[in-house]
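Each chain gets a letter, A, B and so on, in the order its sequence line appears, and its residues count up from 1. Hydrogens, waters and symmetry mates play no part in the numbers below; they use all other heavy atoms, side chains included.
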Amino acid sequence: MLEHDTCHPSTFRELFFRYAAPLRHFVFFRSGDWAGAEDAVQESFLRLWKNCQAVPPEKAKSFLYTVAGHLFLDEARRQQVSFKFMQYAERVVPAGAPAADYDLEAKEVQDKLDAALLQLPEGQRVVFLMNRVEKLTYAEIAERLGLSVKAVEKRMHGALVELRNCFQGE
Amino acid sequence: MQTFSDDTLLARWLSGELSEAERQELEQHPDFPVFRRIVETADRLQLPDAGAQAMWDRLSPGLTSKKRVRSGGASRQYWIKWAVAAAAVFTLAVFAWTLWWNPSPAAPHIVATVTGEQKTATLPDGSTVRLNAVSSVEIFDEKWNEERRVKLIGEAFFTVQKGVAPFIVETAGGYVSVLGTSFTVRYRGGAFDVACYEGVVQAAVPGGAKQTLRATQKAAARNGVWQPLSSITDSWPGWMQGESRFNETPLYEVFAELQRQYNIKIEATGTEGRRFTGAFVYGDLPTALRMICSPLGLSYQVEGKVVRISGR
């Protein structure tokens, strides 16, 4: 159980270990910059700490995602970033699949997905990756992004349609 | 290219929420195998470990040093420790004595911030007030049980505990009353702004005209006249996130805010009539100046505490 005080060291530590990793992924999904995403996590938690009296633990998540989202905007305003998701994502071979067959076909498909993700509008890419890679439900994504579930579903649908277009471009 | 009957269909397919008819529509779609392959491929992606422990090790030293009182070095004289201990015991004794004689010690009546400072005040009922820079709040705690009333100068974010007594924020530009919610109030130079983040608030200008705001709504009065309601898109005020944000704001107001956040004096020429949409960060003056000046094509020069900004 969380002590009802974000300033309490053990509460703050627990919040950090609960949200630091998903927050880093979230910023990375937007920016494609893995090192920059760590800086955004550090800065977001520092700002939470400064406001710990005014932000109760149950609101910390919304605070962190809001701050991290804006930090990325600030960074983006200062320097253009390119999206290189696949450089960092590890490719996992499904259990039971014959390795050789997998390598040939799957690698080709994954390269296509890599290229397609690059083309995706940011809003759609973030929703798509939060759902498929971070394994968050639409309701959880909506809460973090400050959107309605319906809006998240629209972005998800749009992402798949866009990705399909890229896949068929060949 | 064949389209879909609904623009959330593919999303609801993945979350298993399709009706039987929708499922059939999708499975007969010529691109269905492509969609399946995209999803199967994406589902095999995994991110590297975020390294939460390493990040915590980097972050945590900065946190404790902020809160903890300076610790004594090994070179300190032994007697200082005894003196400190004695002083602590004395202070505790005085404090206990105060509690004994006055069961509800008076809360501080005025809490104020200076340039570049933010502070949180906790009110008698557990409600909190987060003050932005150069602001103050006066707390009328004697009659708190009948009426929870504070007087604000400047800008603040309130989180009000649910209660029977109304909670009232007074400013020179109008007042706000609520029962339990979170909202910001700002009154600076004739501009009265109220933004509601949770629950419902009621705001009024001195003439008596009232405005009712629900969550995510924002009301602004200029010189005592309400403007049409607008909406807020963020779940927290920007200044609590460490930056001030503006939307088509006259540049002189942006400069005024900059002077509240940084201990500087701005001398601007050739910027009359200009407006700014964007943000500036706190605690980093060069970046803050760049964030304002570069999108507007302004040049600036820092000389000690004076910043000269020129629009040519």
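Glu155(B) and Arg186(B) are joined by a salt bridge, as a carboxylate oxygen and a charged side-chain nitrogen come within less than 4.0 angstrom of each other.
Here Glu38(A) is the residue among Glu43(A), Glu38(A), Met156(A) with the most heavy-atom pairs under 4.5 Å with chain B. Contact count against chain B (heavy-atom pairs under 4.5 Å) is highest for Phe17(A) among Phe128(A), Tyr65(A), Phe17(A). Chosen from Asp43(B), Val34(B), Val39(B), Asp6(B), the residue pairing most often with chain A at heavy-atom distances under 4.5 Å is Asp43(B). Most heavy-atom pairs under 4.5 Å with chain B, from the set Leu160(A), Val41(A), Leu163(A): that is Leu160(A). Between chain A and the residues Lys119(B), Met55(B), Gln118(B), the most heavy-atom pairs under 4.5 angstrom are made by Met55(B). For chain A, the option among Thr216(B), Thr159(B), Val129(B), Leu9(B) with the highest count of heavy-atom pairs below 4.5 Å is Leu9(B). For the set Ala21(A), Ser62(A), Ala159(A), the count of heavy-atom pairs under 4.5 angstrom toward chain B peaks at Ser62(A).
Annotation: side chain to side chain contact (heavy atoms under 4.5 Å, CB included) contacts of Ser299(B) (sequence neighbours excluded): Ser310(B).
Ring to ring, Trp13(B) and Phe4(B) are not that close: their centroids are 6.0 angstrom or more apart.
Shortest non-hydrogen contact noted between Gly69(A) and Arg30(A) is CA-NH1, 3.3 Å. Minimum interatomic distance between Glu134(A) and His25(A) (heavy atoms only, all atoms of both residues): OE1-ND1, 2.7 Å. Here the closest heavy-atom approach between residue Thr11(A) and residue Thr6(A) is recorded as CG2-CA, 4.3 Å. The two residues Ser135(B) and Gly154(B) come nearest to each other via the heavy atoms OG-CA, 3.6 Å. The heavy-atom pair separating His157(A) from Ala11(B) by the smallest distance is N-CB, 4.1 Å.
Proximity to chain B (any heavy atom under 4.5 Å) is restricted, for Arg24(A), to the side chain, taken from C-beta onward. Proximity to chain B involves both the backbone and the side chain of Arg13(A), based on heavy atoms less than 4.5 angstrom apart. Residue contact with chain A, scored on non-hydrogen atoms closer than 4.5 Å, involves the backbone and the side chain of Gln53(B) alike. Residue Thr41(B) touches chain A through both its backbone and its side chain, counting heavy-atom pairs closer than 4.5 Å. Contacts between Thr128(B) and chain A at a heavy-atom distance below 4.5 Å involve the side chain alone, from C-beta outward. Interface residue Tyr138(A): only side-chain heavy atoms are found under 4.5 Å from chain B. Proximity to chain B (any heavy atom under 4.5 Å) is restricted, for Lys135(A), to the side chain, taken from C-beta onward. Interface remark: Phe16(A) contributes side-chain atoms only to the contact with chain B (heavy atom separation under 4.5 Å).
Between the CD1 atom in Ile141(A) and the CG atom in Asn131(A) there is a gap of 5.0 Å [rounded to 0.5 Å]. In this structure, CH2 in Trp56(B) is found 8.5 Å from CZ in Phe45(A), a value given to the nearest 0.5 Å.
Shown here is Arg58(B), whose CZ atom has more than 12 heavy atoms of other residues, nucleotides or ligands within 6.0 Å.
Side chains of Gln24(B) and Gln28(B): a donor-acceptor N/O pair is absent below 3.5 angstrom, by distance only.
Identified by a heavy-atom distance below 4.5 Å to chain B, the contributing residues of residues 142-150 of chain A are Lys150(A), in residue-number order.
Asn132(B) pairs in a side chain to side chain donor-acceptor pair (under 3.5 Å) with only one of the listed residues (Glu117(B), Gln261(B), Arg260(B)), which is Gln261(B).
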